[in-house]
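Numbers restart at 1 for each chain; the letters A, B, ... are given by sequence-line order, proteins then strands.
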Amino acid sequence: MPMSYALGSDRSEGNILHTISRRITYNNPGTAVAMTVGILPPGASVVSGGVNVVTTFGAADVIDVGVTGSASAYGSALDVASVGFKALDDLALTPAVTAGYSDTAPRTVIATYTDTSADAAAGAADVIINYVTRPVT
Amino acid sequence: MPMTGAPPVVDRQSSNAVHCLRKRMTFSNPGTTVALTVGTLPAGAAVVGGGVLIITLFNDSGTDVIDVGTTVDADEYGTLLDATAVGFKVLDELATHDGHSETTERTVTATYTGQNGNATTGVADIIILFTHSKNVAL
């Protein structure tokens, strides 16, 4: 197990890619209602992820992925009108760190579906967040 | 542990996870143009992702960039990643790197360069994601 950290302070679980995921549908929790995907521990860094659309939502419908207080910190207006894996598109931007990262506090990840035309009768997607934890020092 | 069929005898459970190296650098530690050792990749490791998480922007009066690579090639995995704005800057050279080795370890390094050497802020975590290929029956 390759490490750059001091011996004795290592944790094996800190050296793998972690993930949290949760399903969201067109009516659970419903349009414009934030769904809690999970909680990142302090120091967790989101490195990838996205929304895997398994059943199409309505035309022009979107999902934001972020944290409490910054609903689109990781991904904004991800297209869910077609099936497929829609990668998080905002990880390189400032809110992904200023709101989505903390050395000392956990972050609650949320996903918010917007039924743009207010006519959705179908739609299911898994929100997936890949992250690494901070080394113990 | 996602598997299809019986695992090979030589397989190891740890080979079926994405592993990571992560280490923090700042504008002054180790300092401009000085390579920071991030960690060591085992023989056969394949780098599959990663990047530089800029937590506090670097503020040299000139350019601020970070290279990520190895002791053999300092920008093997990422070249001139912009450190002047916070955010996760993805490694941009993985599609063309030639640093893989089946037989020897690779020491991963990161090098910050402040053009004028006068930065007073800057914090970043270097993150390397990799898988083991060694000991997996092909």
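- Considering every non-hydrogen atom in both S45(A) and I127(B), the closest pair reads OG-CD1, 3.4 Å.
- I54(B) touches chain A through its backbone: at least one of N, CA, C or O sits under 4.5 Å from a heavy atom, while the side chain does not.
- Under the 4.5 Å side-chain contact rule for hydrophobic residues, L88(A) and L94(B) share a cluster.
- Note: T133(A) OG1 to R22(B) CZ = 7.0 Å, rounded to the nearest 0.5 Å.
- For the pair V47(A) and F88(B), the minimum side-chain heavy-atom distance is below 4.5 Å.
- Contacts of A96(A) with chain B are absent, with no heavy-atom separation under 4.5 Å from either backbone or side chain.
- Criterion: ILVMFWY side-chain heavy atoms under 4.5 Å apart, direct or through other members. Under it, L93(A) and L81(B) are not part of a common hydrophobic cluster.
- For the pair I16(A) and A17(B), the tightest heavy-atom approach, listed with the atom from each and the gap, is CG2-CB, 4.2 Å.
- Follow the hydrophobic side-chain contacts under 4.5 Å out from I110(A) and you never reach L40(A); the two are in separate clusters.
- A single hydrophobic cluster is seen to contain both V37(A) and Y26(A), as judged by linkage of ILVMFWY side chains at heavy-atom distances under 4.5 Å, directly or through other members.
- Nearest approach of I55(B) to Y101(A), heavy atoms of both residues: CD1-CE2, 3.6 Å.
- Cluster annotation: Y131(A) and I128(A) are assigned to distinct hydrophobic clusters (Ile/Leu/Val/Met/Phe/Trp/Tyr, side-chain heavy-atom contacts under 4.5 Å, transitive).
- Neither the backbone nor the side chain of N130(A) comes within contact range of chain B, judged by heavy atoms closer than 4.5 Å.
- Taken to the nearest 0.5 Å, the CG atom of L91(A) stands 11.5 Å off from the NZ atom of K89(B).
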